[in-house]
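Below is one structure, written out as structure tokens; the observations come after it.
Below, chains carry the letters A, B, ... as their sequence lines are ordered, and counting in each starts from 1.
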Amino acid sequence: MSAKELWTRFAAWVNGEAAPAARFEKEYQPKHSPLFRRKPREVSTGQPKTYEVWFYRVSAVLASVALIGILLATVTRLPLHGTPGTPDQNEVAERYVEQGLEETGAVNLVSGMILDYRAFDTFGESCVLFLTAMSVFVLLWNDKHSLPPKLEAERKEDDIILAEEEMHLLRHAAHFLTPFILLFGIYVVVNGHLSPGGGFSGGIIIGSGLIFYATACGQKTVSRFFDRKAFYILNFICLAIYAGAKSYSFFLGANHMENPIPKGIPGAILSGGLILPLNICVGLVVACTMYAFYALFNKGDF
Amino acid sequence: MIYLEYLLLIFLIVCAILAPLCRRLLNAVLVFAAFSTVTAILWLLMQAPDLAITEAAVGAGIDTVLFLLTLKTAHFLDGTRDKK
Amino acid sequence: MKEIASLLAQNHILAASVILFGIGFVNLLLQKNLIRKIIGLNIMDTAIFLLLTSFGYIEGRYAPILVSTTDPAQVEQYVNPIPTGLVLTGIVVSVSCTAFMLALTQRLYLRYHTLDIDAILMMVRKGGN
Amino acid sequence: MLPFYQNIPFFCILLSMVGGVITSLICSPRWALRLHLGILAICCAANAHLACILFRSGESFTYMLGHYPAPWGNELRAGPLEAMLCALFALVMFLCVLGGLEDIQHDILPKKLPLYYLMLNLLWSSMLVMVYTNDLFTAYVFIEINTIASCAIVMAKDTGHTNMATIRYIIMSQLGSGLFLLALALLYGITGQLLFPSLRQAIGLLDTTGNYALPLTVLTGLMVLGLAIKSALYPFHAWLPGAHGNATTASSAILSGLVLKGYIILLIKILYQVYTLPVAEKSHIFDVLFVLAVIAMVMGSWYAMKENHLKRMIAYSSVAQVGYIFLGIGMGTAAGMTAAIFQVMAHAFTKPLLFVSAGELIRVSGHHKQLYYLRGAAHRAPLAGVGFTVGGLSMIGLPLLGGFVTKLFLAQASLELGWQNLLAFGVLAISSVLNALYYLPVILLIWTHGNPLKEELDSGLRQAPCRSKPMDFDLPLPPSFAVAAVCLMAGVVFLGVFFNPTADLIHQGLALL
């Protein structure tokens with residue numbers, strides 16, 4: 001490139017008319033840039049080259065194998081599984097086990113831990129669920145973009161099949177079993193502070209019961225008593241109660257005030273201070289969210 | 001008891017290798033459900049019943065339902081049922 | 001070598017969960033099909049949860065649900081409740097992520113009629129909308 | 001009873017979360033927007049107040065969440081630095097939403113608009129927790145909220161590009177959170193603690209006795225790796241340009257300006273409060289970060305030079321700028337950390353300014369993002385042109401602007417170092433030249449006269465997207481954008497002029513971290 005040519009290019013560049021890099025052109029055709037003289041490169045049209053693909057694969061496998069190797073080496077240096085005296089048997093676990101009943105009123109120490117000692121994490125977790133439900137709403141809630149005509153036709157056909165087909169057995173079974181599933185779910189939620197389970201597992205069981213009923217009898221039947229509005233309101237009430245109750249207790253704790261909420265008799269249903277209402281709130285949020293996932297994945301609405 | 005744990009762990013690893021390799025996506029999802037169930041059993045053996053209940057309900061229940069619904073929308077379940 | 005093998009056999013749950021983590025990791029990176037990628041992600045998460053739970057377990061102790069409400073509890077009686085609580089939170093987070101990714105997958109399928117991430121990428125780059 | 005100001009961090013977190021929950025019931029986008037902006041304004045004012053009090057008294061405090069003290073319950077911890085950063089982030093987020101308002105209304109369906117503001121509220125609450133938290137597991141849970149919320153605000157603009165970008169983003173993010181959780185599990189296994197102060201004691205003990213040396217090193221690496229993936233350090237940046245370049249303007253500005261910084265602040269907090277600098281030094285994590293940062297600074301600019309899509313170009317420039325921050329962290333000294341945090345603040349003003357101005361330039365060019373169509377855009381939207389020019393010049397490093405001061409501080413901090421000294425100087429110079437090479441042509445281009453789209457439409461080469469209505473190029477200046485651009489420019493200039501007081505504040509804050 002001669003000096004004059006360089007100067008013209010530079011002048012043009014200062015004027016902003018012809019830029020040095022080819023990226024100002026309408027179609028993206030990277031030519032050799034004047035800075036580093038190289039051969040023109042092929043435009044990437046989306047199809048990665050074979051050697052790139054193989055390089056990626058091989059490096060991914062190697063990285064994973066190296067990761068497994070390093071982690072296995074780490075595992076040999078970790079405290080032995082199942083032996084007493086490991087580092088996590090410290091004052092934290094000791095207090096949770098020995099004074100858990102007295103301080104939280106929960107027989108199930110795990111419930112006591114996640115809803116009293118470390119309740120902030122659990123609050124965040126309910127927010128994750130709520131947030132995900134709302135994101136799925138954004139993605140799959142029917143609108144003219146997300147519902148192509150073909151899909152709409154398919155969904156209508158599904159409805160017709162569901163209405164016409166003689167699924168007596170399935171429907172009878174659903175009518176018969178759903179109350180028991182819901183009852184079991186409620187049992188797990190309400191006994192969260194006394195036995196294994198709690199808001200999350202119980203809520204998922206309730207949600208599964210609703211999904212089962214909706215699969216057998218159609219979503220319309222469920223939407224008679226549980227529609228979008230009910231979902232929003234129930235979700236709002238539960239999260240608001242959770243936030244209100246817990247922030248009250250956090251505020252009292254942080255300001256070194258006494259906790260006025262009675263703990264009740266250990267082992268009774270009405271015990272454990274805030275744990276029972278919180279479990280019920282979490283259970284309802286989880287059940288709503290799970291059913292909302294089903295409804296949105298299946299029909300895009302409910 | 002420890003041999004049962006070994007057995008379950010080997011089963012887990014086999015499931016984990018198999019699940020993404022299955023040719024039909026339906027099979028992959030079902031193998032994954034089996035994986036979750038075995039994890040739940042393992043947690044029961046490790047004295048964590050809360051986790052066992054939750055994992056059984058989540059992994060084998062909700063996750064599978066969501067996977068199957070996605071497969072249904074994506075027409076990967078065609079041929080598993082007579083369409084009228 | 002023998003020493004390492006015996007250590008791994010004693011820490012069998014840790015070792016297995018590390019291997020599961022690696023398998024999930026490979027699948028998350030290498031699978032082209034979105035559903036398989038998501039399965040890989042779930043395997044990875046479950047592996048971490050197994051690892052975390054196994055730290056709290058001690059041979060011969062019971063689940064952290066009190067046997068009696070009147071006797072004072074002894075720490076030697078029960079396993080550590082903390083890992084269980086953390087994993088409980090983690091499982092719910094992981095199921096939310098799975099649901100989100102599956103919804104996204106469904107959305108991408110409705111737009112591009114394939115689940116192959118490379119094919120979708122090509123169509124996106126060509127400007128198909 | 002505590003003095004009332006100590007409740008501010010918790011109340012801000014609670015307010016934004018409850019605000020998010022309430023937004024789900026609001027059907028009108030306008031009221032959802034007002035609620036969101038109100039929450040941000042309150043958070044900004046409250047945190048600024050807190051920062052003033054704490055700087056004056058020179059203290060930092062912990063706030064118990066519940067009735068149980070440190071190793072048993074959750075805790076928040078607030079110092080002057082955290083409060084100042086939160087106030088600044090709230091201000092910038094407020095301005096981002098204002099500046100991108102036109103695009104938000106153009107890109108997102110009205111039915112889904114309230115949900116968008118809901119996600120912004122939850123994103124903001126998770127940012128607050130990530131800055132204020134004193135507990136590793138709480139940090140993990142809120143990292144997940146942050147991830148899902150940021151993916152959701154990317155895909156809210158429902159096109160093929162954004163959906164694809166979102167799925168790549170969430171896969172990489174999940175990988176990052178997975179590694180972080182693995183590190184957390186291993187750390188719990190060898191120490192049995194989750195709160196920062198207890199962890200620091202336990203790690204100090206492990207460091208002196210030499211137990212579990214290998215697991216400690218491995219988990220440090222995994223934790224830094226996880227956070228580096230989430231903050232797009234160079235080899236793990238692949239998800240960034242798609243996600244930040246294709247989202248709606250406000251989302252791009254928030255993601256680039258704030259969300260990346262949230263993870264970095266968390267990393268700095270972990271390095272300071274859990275490991276302490278001397279212990280972290282032993283695992284050579286700083287050297288690795290330094291080298292990666294050097295590569296990032298060059299490669300980010302290199303990719304940006306080859307881009308012809310304006311927003312993707314700015315997104316690639318974020319990769320380079322994140323490199324600057326990690327360069328400061330990688331020095332492993334207090335001066336380096338000060339420079340890194342100054343860069344966090346400067347970049348938090350500059351990048352949203354660039355994105356917001358670019359959004360406006362794109363809007364007046366018929367929503368075309370190719371550089372070709374942007375010729376003369378600054379004459380159609382002068383304020384956006386000025387904003388882009390100021391932002392670009394700050395990135396290049398013109399004195400009196402924020403970006404220049406960062407480079408100055410980084411160069412100053414590198415004087416204390418050994419072998420890294422020359423490397424740091426060299427890469428700062430190279431990176432400045434590269435920045436100039438891609439920002440200057442664009443600045444010249446937008447100030448050149450012309451309107452390629454109009455020419456094409458007139459000559460019949462291209463048909464107007466909407467036949468009935470001729471394309472309008474004389475769009476009025478949106479007042480919300482004007483406010484945002486002026487305030488962001490003022491911020492960039494403020495940091496460039498009053499850099500010494502700011503650096504003193506950062507230094508004082510780091511000592512109290």
To the nearest 0.5 Å, tell me how far A:S247 OG sits from D:I13 CD1. 12.0 Å
Checking D:L182 against A:L71 for the side-chain contact (heavy atoms from CB on, under 4.5 Å) test, could you report, in this order, the C-alpha distance in whole Å, the side-chain angles of both residues, the deciding distance, and whether it holds? CA-CA 10 Å; D:L182 183 60; A:L71 287 174; 3.8 Å; yes
Which atom pair, heavy atoms only, marks the closest approach of D:N74 to A:A119? OD1-N, 3.9 Å
What residue in A:Y96, A:F236, A:F251, A:Y232 has the most heavy-atom pairs under 4.5 Å with chain D? A:F236
If the condition is salt bridge (charged side-chain N to carboxylate O under 4.0 Å, His left out), which residues does A:D301 pass it with, not counting sequence neighbours? A:R228
Looking only at heavy atoms, which two atoms of D:A156 and A:V138 are closest? And how far apart? CA-CG1, 4.2 Å
Which atoms of D:L195 come close to chain A, meaning under 4.5 Å heavy atom to heavy atom: side chain ones, backbone ones, both, or neither? side chain
For a 4.5 angstrom cut-off between non-hydrogen side-chain atoms, does A:P79 reach D:Y212? yes
Which class fits the ring pair A:Y117 and D:Y68: parallel under 30°, tilted 30 to 60°, perpendicular over 60°? tilted
Please name the pair of heavy atoms, one in D:G192 and one in A:V92, separated by the smallest distance, quoted to 0.1 Å. O-CG2, 4.4 Å
For the interface with chain A, which of D:I153, D:D135, D:T62, D:I108 has the highest count of heavy-atom pairs at distances below 4.5 Å? D:D135
Toward chain A, the part of D:V18 with a non-hydrogen atom under 4.5 Å: side chain
With respect to chain A, which residue among D:P71, D:P452, D:A202 yields the maximal number of heavy-atom pairs within a distance under 4.5 Å? D:P71
Apply side-chain contact (heavy atoms from CB on, under 4.5 Å) to residues A:T76 and D:L214 and explain how you reach the verdict. CA-CA 10 Å; A:T76 57; D:L214 178 69; 5.7 Å; no
So for A:L252, is it side chain, backbone, both, or neither that comes closer than 4.5 Å to the heavy atoms of chain D? both
So how far is it from D:H67 NE2 to A:F250 CZ, rounded to the nearest 0.5 Å? 10.5 Å
Is A:S135 in contact with chain D via its backbone, its side chain, both, or neither, using a 4.5 Å heavy-atom distance? both
Calculate, to the nearest 0.5 Å, the distance between atoms CG and CZ belonging to A:N255 and D:F4 respectively. 9.0 Å
Can you tell which part of A:A93 gets under 4.5 Å to a heavy atom of chain D, answering side chain, backbone, both or neither? neither
At a 4.5 Å cut-off on heavy atoms, which part of A:Q89 comes close to chain D: side chain, backbone, both, or neither? neither
Counting heavy-atom pairs under 4.5 Å with chain A, which one of D:Q193, D:E144, D:Q6, D:H309 comes out on top? D:Q193
Just verifying a value: how many Å separate A:T74 OG1 and D:L222 CG, rounded to the nearest 0.5 Å? 8.0 Å
Only pairs of heavy atoms separated by less than 4.5 Å count here; which of A:R77, A:M134, A:R95 has the most with chain D? A:R95
A:F120 vs D:E75, side-chain contact (heavy atoms from CB on, under 4.5 Å): CA-CA, chis, key distance, verdict: CA-CA 9 Å; A:F120 193 55; D:E75 262 183 4; over 6 Å; no
Using every non-hydrogen atom in the two residues, find where D:F142 and A:G124 come nearest and quote the distance to one decimal. CZ-CA, 3.8 Å
Whatever's closer than 4.5 Å to a heavy atom in chain D on A:N90 counts as side chain
Report which part of D:F10 has an atom under 4.5 Å of a heavy atom belonging to chain A: side chain, backbone, both, or neither. side chain
Quick check for you: among A:F130, A:F123, A:F137, which has the greatest number of heavy-atom pairs under 4.5 Å with chain D? A:F130
If I measure from the heavy atoms of chain A, does D:F11 come under 4.5 Å with its side chain, its backbone, both, or neither? side chain
Could you grab the distance from atom OG1 of D:T191 to atom CG of A:D88, nearest 0.5 Å is fine? 9.0 Å
Give, as side chain, backbone, both or neither, the part of D:I446 having an atom under 4.5 angstrom from any heavy atom of chain A. neither
Distance in Å, A:E125 CD paired with D:T138 OG1, rounded so as to fall on 0.5 Å steps: 11.5 Å
